[in-house]
> 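Before we start, here is the structure in question, set down as structure tokens.
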Amino acid sequence: MATRSRIGIELKDGSILSAYHHWDGYPEWLGRILKTNYNSRDLASELIDGGDMSSCWSDKVWGKDRTDGQKYGPEYYSQRGEDCPPRYDEDLFDFLSKENNEEYAYVWTVNNKWVCMNMNQFDDSKAPEKVEIPEGALAV
């Protein structure tokens, strides 16, 4: 079972470029991975530039050992031949649309930090709400 999420980067004009992330979107995992391993604007941008992904932190690429020299890294859908480029949203409102069907949304802000939003996907009475990303690296 997946915990779907979307990872975005806020551009200077307030628009957001983002990629879908399929597995383990909880702040306790994905949030900590982003804060620990994609902790700069350049790293966040590079991650998103690859487009939609199964996971941003995998030791395999579609069942095979990594060939990019990294111990861990993204597992992009493009690596298995799919065309899933980053998505552009004009503003945060569009980025956080419940129609996206993700459970969590992450944004690297112009203030140079990760922000996580619980989309309350399974409760139509609640708007998205900011949640804290736990501190500390995961043991991998």
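Computed over heavy atoms, backbone and side chain alike; hydrogens, waters and symmetry mates excluded.
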> Do side-chain atoms of E10 reach the backbone of V110 as a donor and acceptor pair under 3.5 angstrom?
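The answer is yes, because a donor-acceptor pair under 3.5 Å joins these two groups.
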
> Check this for me: E46, atom CD, are more than 12 non-hydrogen atoms of other residues, nucleotides or ligands nearer than 6.0 Å?
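At most 12 heavy atoms, drawn from other residues, nucleotides or ligands, come within 6.0 Å of this atom.
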
> I need the single residue from I7, T109, V107, L30 that forms a side chain to side chain contact (heavy atoms under 4.5 Å, CB included) with W114. Which is it?
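That would be I7; it is the only one of I7, T109, V107, L30 passing the side chain to side chain contact (heavy atoms under 4.5 Å, CB included) with W114.
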
> Is there a path of hydrophobic side-chain contacts, each under 4.5 Å between heavy atoms of I/L/V/M/F/W/Y residues, joining V61 to Y72?
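Different hydrophobic clusters.
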
> Kindly give the heavy-atom pair with the smallest separation between P27 and P134, and that separation in Å.
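Residues P27 and P134, closest heavy atoms: O-CD, 3.5 Å.
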
> Would you indicate whether E82, at its atom CD, is surrounded by more than 12 heavy atoms from other residues, nucleotides or ligands within a distance under 6.0 Å?
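Counting neighbours around CD of E82, more than 12 heavy atoms of other residues, nucleotides or ligands fall under 6.0 Å, so yes.
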
> Could you go step by step and tell me if R32 and E135 meet the side-chain contact (heavy atoms from CB on, under 4.5 Å) rule?
CA-CA 7 Å; R32 290 169 68 187; E135 293 296 326; over 6 Å; no

> Are I9 and Y76 co-members of a hydrophobic cluster defined by side-chain heavy atoms under 4.5 Å apart?
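Yes; tracing contacts between hydrophobic side chains, which count when under 4.5 Å, links both residues.
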
> Just verifying a value: how many Å separate M53 CE and S58 OG, rounded to the nearest 0.5 Å?
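Here the interatomic distance stands at 12.0 Å.
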
> Please walk me through it: do I16 and D91 pass side-chain contact (heavy atoms from CB on, under 4.5 Å)?
CA-CA 6 Å; I16 297 178; D91 54 33; over 6 Å; no

> Determine the minimum heavy-atom distance between K113 and K130, stating which atoms define it.
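Of all heavy-atom pairs spanning K113 and K130, the closest is NZ-NZ, 4.4 Å.
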
> Looking at G50 and S78, what are the two nearest heavy atoms and their distance?
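Minimum heavy-atom separation between G50 and S78: O-OG, 4.0 Å.
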
> Do you know which of W29, Y20, Y26 makes ring-ring contact (aromatic ring centres under 6.0 Å, His included) with Y104?
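Between Y104 and the candidates, ring-ring contact (aromatic ring centres under 6.0 Å, His included) is satisfied uniquely by Y26.
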
> Assess whether side-chain contact (heavy atoms from CB on, under 4.5 Å) is satisfied between R87 and R6, documenting all intermediate values.
CA-CA 10 Å; R87 185 182 86 195; R6 182 157 290 278; 3.3 Å; yes

> Give, for atom CD1 of I48 and atom OG of S18, the distance between the pair rounded to the nearest 0.5 Å.
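Nearest 0.5 Å value for the CD1-OG distance: 7.0 Å.
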
> Hey, quick one: are L11 and Y38 part of the same hydrophobic cluster, counting side-chain heavy atoms closer than 4.5 Å, chains of contacts allowed?
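Yes; Y38 is reachable from L11 via cluster members.
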
> Nearest heavy-atom pair of W62 and R80: which atoms, and what distance?
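What the structure gives for the nearest pair is CZ3-NH1, 3.2 Å.
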
> Using distance alone, with no hydrogens and no angle criterion, decide if D42 and S40 have a side-chain donor and acceptor under 3.5 Å apart.
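Distance-only check fails for D42 and S40.
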
> To the nearest 0.5 Å, tell me how far D59 CG sits from R66 CZ.
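If I round to the nearest 0.5 Å, the distance is 8.0 Å.
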
> Kindly indicate whether the side chain of M117, heavy atoms from C-beta on, has any atom under 4.5 Å from the side chain of V131.
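The answer is no; the side chains never approach within 4.5 Å.
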
> Would you call D65 and K60 a salt bridge, using N to O less than 4.0 angstrom?
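The answer is yes: the pair qualifies as a salt bridge.
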
> Could you give the distance from CH2 (W57) to CG (D24), rounded to the nearest 0.5 Å?
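One gets 14.5 Å once the value is rounded to the nearest 0.5 Å.
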
> For a side chain to side chain donor-acceptor pair (under 3.5 Å) check, start with the C-alpha distance between N118 and E103, then their side-chain angles and the critical distance, and finish with the verdict.
CA-CA 6 Å; N118 180 337; E103 296 167 64; over 6 Å; no

> After noting the C-alpha distance and the side-chain angles of T3 and W23, does the key distance pass the side chain to side chain donor-acceptor pair (under 3.5 Å) rule?
CA-CA 5 Å; T3 305; W23 292 106; over 6 Å; no

> Look up atom CG in L34 and atom SG in C116, then write down how far apart they are to the nearest 0.5 Å.
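Here the interatomic distance stands at 9.0 Å.
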
> Looking only at heavy atoms, what is the nearest atom pair of G25 and S5, with distance?
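Heavy atoms only, the tightest pair is CA-OG, 3.7 Å.
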
> Taking atom CG of L47 and atom SG of C56, what is their separation to the nearest 0.5 Å?
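Output value for this atom pair is 5.5 Å.
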
> Hey, quick one: are L43 and Y106 part of the same hydrophobic cluster, counting side-chain heavy atoms closer than 4.5 Å, chains of contacts allowed?
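They do share one cluster, since a chain of ILVMFWY contacts under 4.5 Å joins L43 to Y106.
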
> Assess the residue pair I33 and L138 against the criterion (side-chain contact (heavy atoms from CB on, under 4.5 Å)); give the C-alpha distance rounded to whole Å, side-chain angles, the decisive distance to 0.1 Å, and a yes or no.
CA-CA 7 Å; I33 291 293; L138 294 174; 3.8 Å; yes

> Could you tell me whether a side-chain N or O of R4 sits under 3.5 Å from a main-chain N or O of H21, the two making a donor and an acceptor?
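No, the answer is negative, given that no donor and acceptor are paired below the 3.5 Å cut-off.
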
> Please report the closest heavy-atom contact between P74 and Q79, naming both atoms and the distance.
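For P74 versus Q79, the nearest heavy atoms are O-OE1, 3.6 Å.
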
